[in-house]
Protein chains: 2
Amino acid sequence: MMKDFECTQESYAREVLREKGLKSTTQRLAVVHVLHTSRKSLSVGEIHDGVKEMLGATGLATIYRTLEMFEDLGIVKRLHFPDGGRGYAFSQGEHVHHMVCVDCRGVFDFPECPVESFDYASVEKQGFRVKDHFVQLFGQCGKCAEAA
Amino acid sequence: MMKDFECTQESYAREVLREKGLKSTTQRLAVVHVLHTSRKSLSVGEIHDGVKEMLGATGLATIYRTLEMFEDLGIVKRLHFPDGGRGYAFSQGEHVHHMVCVDCRGVFDFPECPVESFDYASVEKQGFRVKDHFVQLFGQCGKCAEAA
DNA sequence: TATTAAATGAGAATGATTTTCAATTAGCTC
DNA sequence: GAGCTAATTGAAAATCATTCTCATTTAATA
């Protein structure tokens, strides 16, 4: 049992896992904590490192398994960088719409969803049924812009 | 020399390659043709298969190299599927905004860019400088919806 | 047609991700 | 709290995609 890292997201994760009859293992809660602590989107390796820092040696496969499961459960979101790199961030709602700094890979929220206000009519005219959308803005965050 | 597959996109590709002092090889033109022929976004493997069908044995590395170069040249766009899969489609403008059918992986254009009309002010208030954006809508195309 | 830099092919190397399976653990029940 | 059981983990092997290397070939130009 691990009580050291309780946070809203942790108890949320616990609840979701319980509902599905899945176990709230130390490793899974550590992944939640690492993701929650960071304001950045993290690569699988970074998450692995963070978890190892908390728990000591931890299998990489477990990290992959946890992340995949968390994505299915809607706890985390998987991001795709232009170079194909995989990143994960705590899910902040139903859709992915993040600003991602191409320098520090930091992830920033943006208040409204540009697609939300978009007129789907023209799209649906073509018979296409939109089920989900994925929006990422790329650029430089304030800090990185200054530093440059 | 290969004259069998001439199309607008082929001559465009030739031109871009020429401008950069790059060669319009049989393989590169075949990649253009395969992509142009298909209304779908294609995986690297599918493109490789298409090219092999046209030319016979062709190195996979060449396909990767060509696709990477074409992306740099703005000739093709790289798409990212929710499962992390890589896809390529002929570039239809400056930005990527496609509808992608999750069943057949077909790619459909959508007329306006939802992000274009988006008010960046709130984002830039946070000091973030938007340089590019990536929008993908996921759903079912008309055919797949019928078939289901 | 000769020249030459650019490009290709084949396979080796790399790196990321997934699988396997024996050992461990969380979440029950008593 | 101890015992039970299915779920989970760790470690290593296996797989898969992607990149690299370098000898050979080719496109573009003269």
Side-chain angles (χ1 to χ4, degrees), chain A residues 1-3 5 10-11 13-32 42-49 51-52 54-73 75-76 78-88, chain B residues 1-3 5 10-11 13-32 34 41-49 51-52 54-73 75-76 78-88:
Chain A
M1 189 87 66
M2 186 181 53
K3 282 281 168 197
F5 310 107
E10 183 181 323
S11 37
R14 278 178 186 281
E15 192 187 310
V16 174
L17 290 169
R18 167 106 54 92
E19 274 174 14
K20 302 280 180 180
L22 301 164
K23 294 181 179 177
S24 295
T25 64
T26 309
Q27 291 85 344
R28 289 177 185 169
L29 297 177
V31 168
V32 171
L42 298 175
S43 67
V44 176
E46 289 169 323
I47 295 168
H48 189 207
D49 291 344
V51 170
K52 282 191 291 189
M54 290 174 69
L55 308 180
T58 303
L60 179 53
T62 300
I63 306 298
Y64 275 103
R65 285 184 288 230
T66 299
L67 256 5
E68 190 187 356
M69 161 185 284
F70 278 4
E71 200 193 358
D72 289 344
L73 296 175
I75 294 173
V76 304
R78 181 171 170 172
L79 307 180
H80 306 283
F81 294 95
D83 66 4
R86 185 196 270 207
Y88 286 95
Chain B
M1 188 86 65
M2 185 180 53
K3 282 281 167 201
F5 310 108
E10 182 179 327
S11 37
R14 278 178 187 281
E15 192 187 309
V16 174
L17 290 168
R18 166 109 51 94
E19 275 173 15
K20 301 280 179 179
L22 301 164
K23 295 182 178 175
S24 294
T25 63
T26 310
Q27 292 85 343
R28 288 177 184 169
L29 297 177
V31 168
V32 171
V34 168
S41 67
L42 298 175
S43 67
V44 177
E46 287 169 324
I47 294 168
H48 188 209
D49 291 345
V51 170
K52 282 190 292 188
M54 290 174 70
L55 308 179
T58 303
L60 179 54
T62 299
I63 306 298
Y64 275 103
R65 283 184 289 230
T66 299
L67 257 3
E68 189 187 357
M69 160 184 287
F70 279 3
E71 200 193 359
D72 290 344
L73 297 175
I75 294 173
V76 305
R78 180 171 170 173
L79 307 180
H80 305 282
F81 294 95
D83 67 3
R86 186 196 270 208
Y88 286 94

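Labels below follow one simple rule: chain letters A, B, ... track the order of the sequence lines, proteins then strands, and each chain is numbered from 1. Both backbone and side-chain heavy atoms feed into the values below; hydrogens, waters and symmetry mates do not.
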Heavy-atom donor-acceptor pair, A:E46 side chain to A:S43 backbone, under 3.5 Å: yes
Listed partners of B:H48 passing ring-ring contact (aromatic ring centres under 6.0 Å, His included), at least two apart: none
What are the two closest non-hydrogen atoms of B:S24 and B:L17, and how far apart are they? OG-CD1, 3.7 Å
Please evaluate residues A:T66 and A:V51 with respect to the criterion side-chain contact (heavy atoms from CB on, under 4.5 Å), reporting the C-alpha separation (whole Å), side-chain torsions for both, the decisive distance (0.1 Å), and the verdict. CA-CA 12 Å; A:T66 299; A:V51 170; over 6 Å; no
For the helix from C:dT1-D:dA30 to C:dC30-D:dG1, how many degrees between its two end axes (five pairs per end), to the nearest 10°? 50°
If I take atom CD in residue A:E71 and atom P in nucleotide C:dT17, what distance separates them, rounded to the nearest angstrom? 13 Å
Below 4.0 angstrom from OP1 or OP2 of C:dG27, is there any side-chain N or O of A:R18? no
Would you say the side-chain atoms of A:R28 pair up with the backbone N or O of A:K23, donor to acceptor, closer than 3.5 Å? yes
Send over the distance from B:H48 NE2 to D:dC16 P, rounded to a whole Å. 17 Å
5' priority, DNA chain D, between B:V44 and A:M69 [closest heavy atom]: A:M69
Could you go through the side-chain contact (heavy atoms from CB on, under 4.5 Å) check for B:E68 and B:R78 one step at a time? CA-CA 9 Å; B:E68 189 187 357; B:R78 180 171 170 173; over 6 Å; no
Nearest whole angstrom, please: distance from the P of D:dT26 to the CG of B:L29. 15 Å
Take atom NE2 of A:H80 and atom P of C:dT17, then tell me their distance rounded to the nearest Å. 11 Å
B:Y64 vs D:dT18: side-chain N/O to OP1/OP2 distance below 4.0 Å: yes
Close N or O pairs between protein and nucleotides 8-10 of chain C (under 3.5 Å):
unit_1: C:dT8; atom_1: OP1; unit_2: B:T25; atom_2: OG1; d: 2.7
unit_1: C:dT8; atom_1: O3'; unit_2: B:Q27; atom_2: NE2; d: 2.9
unit_1: C:dG9; atom_1: OP1; unit_2: B:Q27; atom_2: NE2; d: 3.1
unit_1: C:dG9; atom_1: OP2; unit_2: B:G59; atom_2: N; d: 3.1
unit_1: C:dG9; atom_1: OP2; unit_2: B:T62; atom_2: OG1; d: 2.9
unit_1: C:dG9; atom_1: N7; unit_2: B:R65; atom_2: NH2; d: 2.8
unit_1: C:dG9; atom_1: O6; unit_2: B:R65; atom_2: NH1; d: 3.3

Before giving the answer on side-chain contact (heavy atoms from CB on, under 4.5 Å), spell out for A:Q27 and A:T58 the whole-Å C-alpha distance, their side-chain angles and the decisive distance to 0.1 Å. CA-CA 8 Å; A:Q27 291 85 344; A:T58 303; 4.1 Å; yes
Just the rounded figure in Å: distance from P of D:dT19 to CD of B:E68. 6 Å
In whole angstroms, how far is the P atom of D:dT18 from the CZ atom of A:R86? 12 Å
Whole angstrom value for the distance that separates P of D:dT29 from CG of B:L22: 12 Å
Report the distance from atom NZ of A:K23 to atom P of D:dT5, rounded to the nearest whole Å. 13 Å
Reference residue B:V31; test side-chain contact (heavy atoms from CB on, under 4.5 Å); the match among B:T25, B:T26, B:L67, B:I75: B:L67
Where do B:Y88 and B:V76 land on the side-chain contact (heavy atoms from CB on, under 4.5 Å) test, with the steps shown first? CA-CA 7 Å; B:Y88 286 94; B:V76 305; 3.8 Å; yes
